[in-house]
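In what follows, a single structure is set out as structure tokens and then discussed.
Remember, it's a predicted structure, so these values are computed and weren't measured experimentally.
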Amino acid sequence: MTRTAQRTPPTEVARPPGRWLALAVLVLAVLLVAVDATVLGLATPYISEDLKPSGTQLLWIGDVYSFVIAGLLVSMGSLGDRIGRKKLLLVGAVAFGAVSVLNSYATTPELMILARALLGVAGATLMPSTLALIRNIFHDPRERSIAVGVWGAMASAGAAIGPVVGGFLLEHFWWGSVFLINLPVMAVLVLVGIKLLPESKNPAPGPWDLISVALSLIGMIAMVYAVKEAAASGAGLEVFAAGAVGVAALTWFVRRQLTLRAPLLDMRLFRNRGFSAAVLADLLTILGLSGLVFFLSQFLQLVQGRPPFEAGLAELPAAVGAVTAGLIAGLVARRFSVRSVVAGGLAAVGLALAALTTLSQHTGYPLLGAALLVVGIGAGFSFTVTADVILSSVPKEQAGAASAVSETAYELGAALGIALLGSIVTGVYRDFTAPAGTPPDVASAAHESLGGAVEASAGLPKGTAEPLVSAAQEAFVDGLRLAAGVGAAVLLATAVAAWFLLKGQKLEDGVEHP
């Protein structure tokens, strides 16, 4: 900012008195969405036993939430810019709570899939609204860096807390309880948010283009579906068809935005090198991390035999690191530079993943805990600073759309990471040789997944069951080591790219007046 702006005395408009309480309300929404994204994994065996879905239905129960969120984030971010971010956040929060009840009491696989899809619609209203409101509540760039750090830390903490909360609830209650925990949090968010959150929107937004909304939804869902199906079943005709539909829809979407007077997403934002580099760093970081973290949870439970609650606790160092780094990231980036903090954070994550290439079935927790702590610290630094760069690169009127781009990169990176790194783990795993004497139907079930191997071996004599499970665990760890190596290479390459692309990028100083 200019020196004149720095000398201007801070006013009540520049620093609203209730801004930190408002941030606490926004953090509730972030925490809840992040927890809900990870809590289902532990509940899946219980849902499978109760609702008895087919294999395809079970995949849709797990995936449809992220599909819908990824497809709607840009549209919802733009809608918040138009009708008001506070309004969209509170309506979405009420819907999230109501649909959580539907998830808890679903009685058929079809109803569960529908409930998860509706939860994705509600979740898509929350994340871009929270980050956009932070952009409009905190006018002092230094305070905004702290607020974004808290926001990012809670998102990371929520993802790590999900397995802990889920493990505790599943050991004491039925599987629907993992969704009912949303209700009290949403009630507090709505009741307090009505009073504390200021409304903000684009004063001249233009119409909400429904064709663009449809193209964004179709394109993102088709692309994410194609990647996930390719990882699960290989590159068949259905995968190519879905990928082609996705590419065509997204290409049409981009072309349409360039011709509209009031686009759903202003593609000119990507002309800003800092904005584009920050979005790319987010996407590739999550791509490298998500697949590994997804399979590390299975490693802790199915290879090392930890119960769900203990496995969740074992992953907490990542949350501790992310929270700590997120809170000081803005200060460190101003003391040194944006590119050194982002590139350094990415490199730290890459080196931690490289350390996991030494993983074995009997690896002690000190190595795992240390690696997870470094992953959390590196990701906390990188995500917080890139989110700050994205927000400060755009006018306040476009904060919702810009926030949605950041969130979309996160969701797309997560889907690609689980699909691409997951395909590596699955490919290595499926090649293991079942011990002699294993019945063909048991061997077939064992090659589907490590969980399938453990379950299928339960009916075998001990002399056959133990070698089968041991061979399956060894193959799974081999795949995990290879995926960790690929993830490390992606993160280290991204660190080098960030160093060059973010050259000269700085976080704002001084007081920004509306």
Exercise. Enter the distance from Thr494:OG1 to Trp499:CH2 here, rounded to the nearest 0.5 Å.
Key: 16.0 Å
Quiz prompt | Rounded distance (nearest 0.5 Å) linking atom CD1 of Ile134 with atom CD of Glu143 | solution = 12.5 Å
Exercise. Could you tell me whether the side chain of Met76 reaches within less than 4.5 Å of the side chain of Val121, counting heavy atoms only?
Key: yes
Exercise. Sequence neighbours left out, what pairs pass salt bridge (Lys or Arg N to Asp or Glu O under 4.0 Å) with at least one residue falling in residues 359-376?
Key: none
Quiz item: Could you state the interatomic distance from OH (Tyr365) to CG (Leu313), rounded to the nearest 0.5 Å?
Solution: 8.5 Å
Quiz item: At what distance, to the nearest 0.5 angstrom, does CG of Leu89 lie from CG of Leu26?
Solution: 6.5 Å
Kindly list each side-chain donor-acceptor pair under 3.5 angstrom involving residues 466-479, sequence neighbours excluded, with atom names and distances?
unit_1 : atom_1 : unit_2 : atom_2 : d
Gln473 : OE1    : Gln361 : NE2    : 3.4
Gln473 : NE2    : Leu302 : O      : 2.8
Asp478 : OD1    : Arg481 : NH2    : 2.3

Exercise. Let me know which of Val375, Leu351, Leu346, Val486 forms a side chain to side chain contact (heavy atoms under 4.5 Å, CB included) with Leu491.
Key: Leu346
Self-check item: Side chains of Val389 and Val342 in contact at under 4.5 Å (non-hydrogen atoms)
Solution: no
Quiz item: For Ala122, does its backbone N or O pair with a side-chain atom of Thr125 as donor and acceptor, under 3.5 Å?
Solution: yes
Exercise. Examine distances only and state if a side-chain atom of Thr324 and a backbone atom of Gly321 form a donor-acceptor pair shorter than 3.5 Å.
Key: no
Quiz prompt | Flag side-chain contact, heavy atom, 4.5 Å: Leu480 against Val303 | solution = no
Quiz item: Does Ser340 have any side-chain hydrogen bond (donor to acceptor under 3.5 Å, both in side chains) partners at least two apart in sequence or in another chain, and if so, which?
Solution: Ser337
Quiz item: Could you state the interatomic distance from CD1 (Ile328) to CD1 (Ile377), rounded to the nearest 0.5 Å?
Solution: 8.5 Å
Quiz item: Counting distance only, does the side-chain N/O of Thr363 pair as donor-acceptor with the main-chain N or O of Ser360 below 3.5 Å?
Solution: yes
Give every donor-acceptor pair under 3.5 Å between a side-chain atom in residues 236-246 and any protein atom, sequence neighbours left out.
unit_1 : atom_1 : unit_2 : atom_2 : d
Glu238 : OE2    : Tyr225 : OH     : 2.4

Quiz item: Which residues satisfy the side-chain hydrogen bond (donor to acceptor under 3.5 Å, both in side chains) test with Thr384, sequence neighbours excluded?
Solution: none
Quiz item: Any idea which heavy atoms bring Met112 and Asn103 closest together, and the distance?
Solution: SD-O, 3.6 Å
Self-check item: Spatial distance of atom CZ (Phe500) from atom CZ (Arg273) [nearest 0.5 Å]
Solution: 12.0 Å
Exercise. Would you confirm whether Thr357, through its side chain, and Ala484, through its main-chain N or O, come within 3.5 Å as a donor-acceptor pair?
Key: no
Quiz prompt | For Thr251, side-chain hydrogen bond (donor to acceptor under 3.5 Å, both in side chains) partners two or more places apart | solution = none
Quiz item: Just wondering, do Leu359 and Leu368 contact through their side chains at under 4.5 Å, heavy atoms?
Solution: yes
